Each structure stands twice: as structure tokens, then as C-alpha cells.
Amino acid sequence: MQKLKGFRDFFPEEMAERTHVFDAMRRVAKRYGFVEYDGPPLESLELYRKKSGDEIVAQLYTFKDKGGRDVALRPEMTPTLARMVATRANSLQKPIRWFSIPQLFRYERNQRGRLREHFQLNVDIIGAREVEADAELLAIGLDVQRELGLTKEDVVARVNDRRIVSGALGLLEVSEESIAATYTAIDKFRKVPDETFTELLSDAGVSDDAIEEIRKLCAGSVSVFEWFAPRLDDVDEPTRKAVADLETYLARMTEAGFEDFVEVDFSIVRGLAYYTGIVFELYDRKGKERAICGGGRYDDLVQSLGGPDLSALGFGMGDVVLSLMLRDRGLMPKAPPRSDVVVIPVGAELAVIARLITTELRRAGKRAETPYSPAGVGKDLKATGQRGIPYAVIVGPEEWAAHEVNLKDLRTGKQSRVAIDALAAEIKT
RNA sequence: GUGGGCGUAGCUCAAUGGUAGAGCACCGGGUUGUGGUCCCGGGGGUUGUGGGUUCGAGCCCCAUCGCCCACCCCA
């Protein structure tokens, strides 16, 4: 028997890594006052038909349950969140600031950084139109990186605004029919050769002059602020607001101490789906990995799913790419946490004493164990040391007669006699 | 869905078409009051699977499954 393609076993070593990452995610999200929620891993297929594109639905894990209902393993958390929020929209105090670490599934051929199953930190804010919310959202994403030991040398946040792209394309007179293909081309700017980029836009029906302007914006040879400055009188109100919002956004990121992580990047448009405002993606500065994290504002989604008109924004941060990066940087724990101490009896008649001492140590909050069948001090000590356990308590008849034991620090090799009552306090963890 | 690379012990890898091996790991012993280095021994494999060629296949051929990489797409 082998595991299914694209699924993972978590042996204790991998589980230690997973726990390490999840713990960091939870600590950070809670630090910003967000609360954790979860939903069912299995949902009605209908939930995804409504919101997600054909491509997503084609890659769902679906089946008919025994009642004949079409069901799907959740491929993303947002529809579940939207459904949950819609259910209690009127009674939930706004803004709603929730996070979750769901396991998500997709039926698709796997490749580097992409499996059929993964965990994804989802952080969402619902009912906040202020750009301060956008800034806080990105700050959480970046703070998770920092919490795990990654720095501005490792991670870059590329940020953009869908309204700005839309406004720019309007000024460049890109036609309605060309918009979708133009977004796709912009999204590919950093992944395809220059000629291909030109070809994609040209095929979409974009003029040569417009292609040149789009290229300059994507490449960053002109900042979006410089580009829009002489044109602000020609654009509509939403675009003017978007440019102003982006400036405020950057100011807020600077206030929060993240300015070195953030770069405006016109080529970040986040697929075609449902984003309506500021969007961002987190990348490894060195590697060629896919995005660590992506998100942004999706103000129309809750309503489009039949809920009330609530603005919303959020991101998803998968565990697979992030873990690849942490392993690459040596920032993952090498071994699962073990006991603090093993209590080793000298001779079989002291095994009962060793068990009693072990019980007392556990009551004192120490992670303690004693061998089921003591094999001799030498063997038990060897096994304990090999497992990386820092302390051994050796219970010998002479010492025990004085209500004392030997406490050995396996890391230094130093050993001392300790009164039984003082033992727990001597084991530093 | 398309293309490419790779499948030998738990892991890393050997083995002209001629008896399947090593290191690490694991288990036991040397050593029933003191570990990590050391010495000795042991379990482990239908060489991913199924066919074919051959006197003989881990090796050659075909198929299939799995893993990896890229493409497509991206929540």
C-alpha cells in the first residue's frame, strides 16, 4: 500500500515542521486580534460552481455521497467563509477579522510547491473599506515571515491595485474585448521572454504604443505614481482614489516597519477572478519558487454569493512553498520535541521507584519517561543520549537510601547528586 | 491534459547480460552503577509492477504504475 499521489505523510520530523509553521501563523494572527474559525472540509459542489471559475471546478475533488448529493473537498476557504459570514452577517460585529488554517484539496497533477493537498493560512477582514485594513492584512502576512526567521533579504511583497491597472488600460484605450487577455499577459510579464509578452498583447489587439507603456509600467522603469501624475486630470474618480490609496497604503506599511519588504509592481494582478482593489503576492527574493502568499481586496464577492453588501479582503498562504523556503534557509526544527528527562533505575528492584519519580516529575510539568524494561544503566543512558534528551536521572540504591538521585546533564556529561524534593526544579527546560 | 528525467534495503548509492552489494539507520551482543567515538553479529529486497528477447535480465525491448521537473492553469 502506498499513499495517494500528491498527498503527504507527516512522520514526526515533518509534523514538527508543520507544527512550527502553524504555531507561528497562529501567534501572529492572534497578535493582531484576529480570531480562529473553521468550516467543513467537505462542501456542496454547488458552493464552488457559483463562485469559482470553470478551471477551478475542473480541478475539484468531487464525488456523489451515499445520498446522491454532489460534494467536493474544499479547494479554497473563501466560499466557506462567505457562506458562514452571510449566515450571521447581521449579528457579527464589523469589521470581522478571522483566520483559519484549513487543509485544501485540488485534483491536479503535482509539481514543485504544488500538491493535491496543502494547508493554507487564510486571513480575512470583512466589513472594512479603509485602506488601513489592506495595510494591516499585508502586515500580518509579512509578520508571519518575520516570525519564522525570514527577513527583507529573503522575502519581497509585490503590491498593486486592480483599479490602477484598469485605469491605465483605459487611458491606453485598450478595448473591452482585449481586457481579459491583457490581464493574462501582464500576469505573465515576469515569466515569459520579452518577445512573447509583446506577442501576447499584440494578439490581444493592444496598440504598439500601449504595449510600450504597459511594458514600462511592468518593468518598473517608471513608477505608477510618476506615470499617472501628468494624467490625473484624464482619469475617472475611482482611478484617482486608487492612486491616492496606494500612496496611503505604502505610508502605512512604512509606519508598521515593513517598508523594506514592499515594492509596487504593476505586473501583479492575481489571476482574473474576483479582486477589486489592492492586491499583493509574497515571493522568495532568491529562489524561483512560486508565490508564498497572495491576496487582496474582493469587495463584491460576499454579495455575489447571495450575502449582504460587505467589503472584504484576505490572503492565502500555503504551507508547501513556505516550508521549502524555510528548509532552504535552515529555519526548520530538525527533530520533534522529546522528553526532558529519562529516569533510569540501577537494578530491577528500583524500577518501581523510577516509575514513582517519573510520575512526580510529570506532575511538576516535566516531560518525563522511564524504560518499560530497564536494560542497564549503560544501555539506557546510551539510548537516552542518542535521542537528544538533555537529562537522565539515575536512581541507585545508595543514593536512594538518602532520598537522593543522580541528575546527569547529557549535553555536558556533568552529574550531581540532588535531593529528591529538589529534582524537578533542577531540570531546566 | 502535454513533454522530459528517474525508479535497486528505511535513506544515499554500487553491481561488462553471468550467485544482488556497501555506507548510514535499525535490532542484538562486547558492558546487569554511567552514553555519544570503538569492536562483533543480525534482520531486512519478489531490483516499482506485468509481459517480451535470451541458455541466462537489476541491466536490452514494450506496457503500466509511482516520483521529480517543466508546460497549461492557479484558489
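Every chain is numbered from 1, with letters handed out A, B, ... down the list of sequences. Treat the numbers as computed from the prediction; the structure is a model and nothing was measured.
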Please report the distance, rounded to the nearest Å, between NZ in A:K191 and P in B:C74. 8 Å
Between A:F99 and A:F34, is the ring centroid distance below 6.0 Å? no
Given atom CG of A:D380 and atom P of B:G35, what is their separation to the nearest angstrom? 12 Å
A:V377, nearest nucleotide to its side chain (from B:A75, B:G35, B:G33): B:G33
Taking donor-acceptor contacts at under 3.5 Å, does the side chain of A:N406 reach the base of B:U34? yes
Quantified in whole Å, what is the C1' atom distance between nucleotide B:A9 and nucleotide B:C72? 39 Å
Could you give the CD1-to-P distance, from A:I268 to B:C74, as a whole number of Å? 14 Å
Taking the nucleotide of RNA chain B with the nearest heavy atom to each, does A:G378 or A:L104 sit closer to the 5' end? A:G378
Using heavy atoms and a sub-4.0 Å distance, could you list which residues of residues 331-346 of chain A are near RNA chain B? By number, please. A:V346
Looking at side-chain heavy atoms only, is the closest gap between A:H118 and A:R106 below 4.5 Å? yes
Tell me what A:Q415 touches on the nucleic acid: a base, only sugar-phosphate, or nothing, going by heavy atoms under 4.0 Å. base
Could you check whether A:G396 gets within reach of a base, just the sugar-phosphate, or nothing at all, counting any heavy atom under 4.0 Å? base
Does A:K188 place a side-chain N or O at less than 4.0 Å from the phosphate oxygens OP1/OP2 of B:C73? yes
Distance between C1' atoms of B:C6 and B:C74 (Å, rounded): 27 Å
Whole Å only: how far is the CD1 atom of A:I389 from the P atom of B:G36? 16 Å
Distance-only, no hydrogens or angles: does the A:D9 side chain make a donor-acceptor pair with backbone N or O of A:F11 under 3.5 Å? no
Pairwise C1' distance for B:C39 and B:U31, with rounding to whole Å: 12 Å
Which whole number of Å gives the distance between the P atom of B:G1 and that of B:C60? 28 Å
Using distance alone, with no hydrogens and no angle criterion, decide if A:D245 and A:T248 have a side-chain donor and acceptor under 3.5 Å apart. no
For B:C38 versus B:G23, give the span between their P atoms, rounded off to a whole number of Å. 13 Å
Quick one: label A:P374 by what it contacts on the DNA or RNA (base, sugar-phosphate, nothing), any heavy atom closer than 4.0 Å. nothing
Between A:Y249 and A:D161, is there a side-chain donor-acceptor contact under 3.5 Å, judged purely by atom types and distance? no
Okay, side chain of A:S178, backbone of A:V174: is any donor-acceptor separation there less than 3.5 Å? no
Could you run down the sub-3.5 Å N/O contacts of the protein with nucleotides 37-42 of chain B?
none

Ignoring hydrogens and angles, state whether a donor on the side chain of A:R215 or A:T198 is under 3.5 Å from an acceptor on the partner side chain. yes
Taking atom types as they are modelled, is there a donor-acceptor pair under 3.5 Å from the base of B:G33 to the side chain of A:E399? yes
Would you kindly say whether A:D124 and A:Y298 are connected by a side-chain donor-acceptor distance under 3.5 Å? yes
Check whether A:F280 forms a cation-pi arrangement with A:R158 (NZ or CZ under 6.0 Å from the six-membered ring centre, at most 45° off the ring normal). no
Rounded to the nearest Å, what distance is computed from the CE atom of residue A:M317 to the C1' atom of nucleotide B:C74? 17 Å
Flag, side chain of A:R97 to backbone of A:V35, donor-acceptor distance under 3.5 Å: no
Touch class at under 4.0 angstrom, heavy-atom based, for A:G6 against every strand present: sugar-phosphate
Whether A:R411 engages the ring of A:Y391 as a cation-pi pair (distance to the six-membered ring centre under 6.0 angstrom, angle to the ring normal within 45°) should be assessed. yes
Ignoring the backbone of A:E398, work out which of B:U34, B:G33, B:A75 is nearest its side chain. B:G33
Using whole Å, report how far CZ of A:F280 lies from P of B:A75. 13 Å
Rounding to a whole Å, what distance do you find between A:R116:CZ and B:C67:C1'? 13 Å
Under a 3.5 Å distance rule, please check whether A:S166 uses its side chain to pair with a backbone N or O of A:R162 as donor and acceptor. no
Provide the distance between the two C1' atoms, one in B:G58 and one in B:G7, to the nearest whole Å. 11 Å
I want to confirm an ordering. Mapping A:F7 and A:D187 to their closest nucleotides on RNA chain B, which one lands closer to the 5' end? A:F7
Take atom CG of A:L350 and atom C1' of B:U32, then tell me their distance rounded to the nearest Å. 13 Å
Using atom C1' of each nucleotide, how far apart are B:G17 and B:A22 to the nearest Å? 23 Å
Give me the distance, rounded to whole Å, that separates B:A25 from B:C65 when you measure between the P atoms they each carry. 38 Å
Counting distance only, does the side-chain N/O of A:E147 pair as donor-acceptor with the main-chain N or O of A:R27 below 3.5 Å? no
Does either side chain, that of A:E369 or that of A:T358, offer a donor lying less than 3.5 Å from an acceptor on the other one? no
For RNA chain B, stems built from three or more consecutive Watson-Crick or G-U wobble pairs below 3.5 Å: B:1-7 with B:65-71, B:10-13 with B:21-24, B:26-30 with B:38-42, B:48-52 with B:60-64
Kindly point out which of B:U34, B:G29, B:A75 is positioned nearest to the side chain of A:K379? B:G29
